[in-house]
There are 2 protein chains.
Amino acid sequence: MTIQDRKQRENEARRRAILSASRLIAETEGWNALTTRRLAHEIEYSQPVIYAHFDGRDAIIEAIALEGFDELATVLSSARLTTADPRQALLALASAYSDFADRSPALYEAMFVARSTLSFANAATPDVMRAAFQEIVSAVRPFAAGRPPGVLAEVVWAALHGVCTLKRGSRLGPEPQSQRLEIIVGLVAG
Amino acid sequence: MTIQDRKQRENEARRRAILSASRLIAETEGWNALTTRRLAHEIEYSQPVIYAHFDGRDAIIEAIALEGFDELATVLSSARLTTADPRQALLALASAYSDFADRSPALYEAMFVARSTLSFANAATPDVMRAAFQEIVSAVRPFAAGRPPGVLAEVVWAALHGVCTLKRGSRLGPEPQSQRLEIIVGLVAG
DNA sequence: TCGAATTTCTAGCAACGATAGATTATCGTG
DNA sequence: CACGATAATCTATCGTTGCTAGAAATTCGA
């Protein structure tokens with residue numbers, strides 16, 4: 001089976017190469033710069049090889065988004081657990097979310113802006129996506145006060161998503177983002 | 001000058017035809033369906049005529065976005081003024097915003113999601129865009145309580161923007177949107 | 001009514017995502 | 001080692017996109 005193994009290893013390595021090259025291109029030059037020709041040149045294979053690994057350009061973006069959910073869940077979790085104080089924990093989570101969006105805007109776009117066949121908020125939702133959302137739920141639960149924690153978490157998430165995307169699109173004023181995050185936390189945590 | 005006048009009238013009519021045809025296509029089939037060939041066929045002229053009116057496809061989208069800001073400002077203003085109670089006024093504004101995004105998702109996308117050369121929140125910001133934002137500022141001002149009303153308005157706007165875009169992308173749960181709007185208003189208006 | 005100016009169209013470019021079919025490399029077997 | 005079969009990879013191409021140059025047609029003023 002060693003030959004099969006080697007082929008499988010090579011296949012997986014190439015799949016990873018496609019994903020990391022795509023991510024690098026998207027993060028440095030935007031998703032529009034990710035063309036199949038450019039990508040093929042970058043991984044030093046011809047275009048059809050890409051289609052042996054992914055159904056098409058959109059499938060690559062979705063695979064990258066899935067990577068992102070895993071990373072975001074980790075980031076949010078460690079931020080939330082830096083303190084036992086619920087209010088400070090919520091602020092830490094909000095800052096971590098905003099930093100994540102700032103540091104990897106293309107990744108963030110793939111996860112939360114791009115049209116996608118990934119299913120959110122239902123039975124078919126992948127575990128990594130659930131995990132990321134559950135971090136927000138955990139952070140807001142102490143402040144639920146009768147409100148459904150899941151819906152409150154959606155609202156807080158929406159506020160964070162809004163300030164991140166609007167800021168990214170130069171649609172907000174010059175005030176530092178931290179000011180907006182503190183207002184969000186203040187509204188929730190009283 | 002009647003010949004000049006007629007030409008100008010025809011020019012303006014054709015410009016309007018381009019915009020309304022584009023908007024219809026985008027609203028019924030999405031922005032991807034707006035191709036210059038399709039648009040040319042729709043307005044019954046050849047492609048180059050489009051470029052006599054707009055610098056390109058993106059310029060059309062921006063012109064449509066500008067129309068949208070005017071419409072949104074009107075919608076928000078009349079919603080806000082349906083009641084003298086600040087809390088009810090804020091809820092009415094939030095509902096009106098959400099309804100606007102629901103009813104014209106393509107228009108909304110052009111205004112708040114698409115990359116754009118329109119400048120937000122600075123000296124060069126067009127009046128219609130200022131007016132729409134000022135409606136939100138007016139609605140939240142009664143609840144500012146020491147916070148800068150402009151930044152608070154940005155946060156409320158971001159929350160509304162977030163719930164609208166995330167819902168549009170099927171990223172939120174099955175609960176009715178009104179539940180989220182009430183939570184947002186509750187957070188701001190105590 | 002006719003030459004000049006303007007308007008409009010036809011035809012085409014380069015780049016895109018994607019794929020069919022030829023070509024090369026690799027495999028197990030005698 | 002050699003060879004036929006299989007698998008992997010590439011070249012070349014398709015249809016579509018935004019956009020534009022240059023030809024053709026129309027409209028204008030004299």
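The chains referred to below are lettered A, B, ... by the order of the sequence lines, with proteins before strands, and numbering in each begins at 1.
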Engineer: Please determine if B:Arg23 and B:Glu67 form a salt bridge, counting it only when a charged side-chain N lies under 4.0 Å from a carboxylate O.
Structural biologist: yes
Engineer: Under 4.5 Å between any side-chain heavy atoms of B:Ile60 and B:Ile64, yes or no?
Structural biologist: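 Result yes, sub-4.5 Å side-chain heavy-atom pair found.
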Engineer: Among all residues two or more places apart in sequence or in another chain, which pass the side chain to side chain contact (heavy atoms under 4.5 Å, CB included) test with B:Thr35?
Structural biologist: B:Arg37, B:Arg38
Engineer: Using a heavy-atom cut-off of under 4.0 Å over every strand shown, decide if B:Leu34 touches base, sugar-phosphate, or nothing.
Structural biologist: sugar-phosphate
Engineer: Short of 4.0 Å, heavy atom to strand atom, which residues of residues 46-59 of chain A count as contacting DNA chain C?
Structural biologist: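 By residue number: A:Gln47, A:Pro48, A:Tyr51, A:Gly56, A:Arg57.
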Engineer: Is the shortest side-chain heavy-atom distance between B:Val188 and B:Val155 below 4.5 Å?
Structural biologist: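 Contact flag for B:Val188/B:Val155 side chains = no.
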Engineer: Let me know the distance between CG of B:Asn32 and P of D:dT16, rounded to the nearest Å.
Structural biologist: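 Value for this atom pair: 16 Å.
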Engineer: Between B:Val185 and B:Phe143, is any pair of side-chain heavy atoms under 4.5 Å apart?
Structural biologist: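 Sidechains of B:Phe143 and B:Val185: no contact.
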Engineer: Rounding to a whole Å, what distance do you find between A:His41:NE2 and C:dA15:P?
Structural biologist: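 Going from A:His41 (NE2) to C:dA15 (P), I get 15 Å.
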Engineer: Could you tell me the separation between the CD atom of B:Glu44 and the C1' atom of C:dT8, rounded to a whole number of Å?
Structural biologist: 15 Å
Engineer: Closer to the 5' end of DNA chain C via nearest nucleotide, is it B:Arg14 or B:Arg37?
Structural biologist: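 Nearest nucleotide further toward 5': that of B:Arg14.
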Engineer: Could you state the CD1-P distance from B:Ile25 to D:dT17, rounded to the nearest angstrom?
Structural biologist: 12 Å
Engineer: I need the single residue from B:Tyr97, B:Phe133, B:Tyr108 that forms a ring-ring contact (aromatic ring centres under 6.0 Å, His included) with B:His161. Which is it?
Structural biologist: B:Tyr108
Engineer: Quantify the bending of the helix from C:dT1-D:dA30 to C:dG30-D:dC1 as the angle between its end axes, each fitted on five pairs, to 10°.
Structural biologist: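 End axes: 10° apart.
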Engineer: Should the ring pair A:Phe120 and A:Phe112 be called parallel, tilted or perpendicular, given that the plane angle runs from 0 to 90° and is split at 30 and 60?
Structural biologist: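 Plane angle between 30° and 60°, so tilted.
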Engineer: To the nearest Å, how far apart are A:Ile61 CD1 and C:dG17 C1'?
Structural biologist: 12 Å
Engineer: Keeping B:Glu135 on the side-chain end and B:Ala73 on the backbone end, is there a donor-acceptor pair under 3.5 Å?
Structural biologist: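 The answer is no, because no donor-acceptor pair under 3.5 Å joins these two groups.
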Engineer: For the pair B:Lys167 and B:Asp102, find out whether any cationic side-chain nitrogen is under 4.0 Å from an anionic carboxylate oxygen.
Structural biologist: yes
Engineer: Provide, to the nearest angstrom, the distance between the OH atom belonging to A:Tyr45 and the P atom belonging to C:dT24.
Structural biologist: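 Answer to the nearest Å: 18 Å.
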Engineer: If I take atom CG in residue B:Leu39 and atom C1' in nucleotide D:dT16, what distance separates them, rounded to the nearest angstrom?
Structural biologist: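 Those two atoms, CG and C1', are 16 Å apart.
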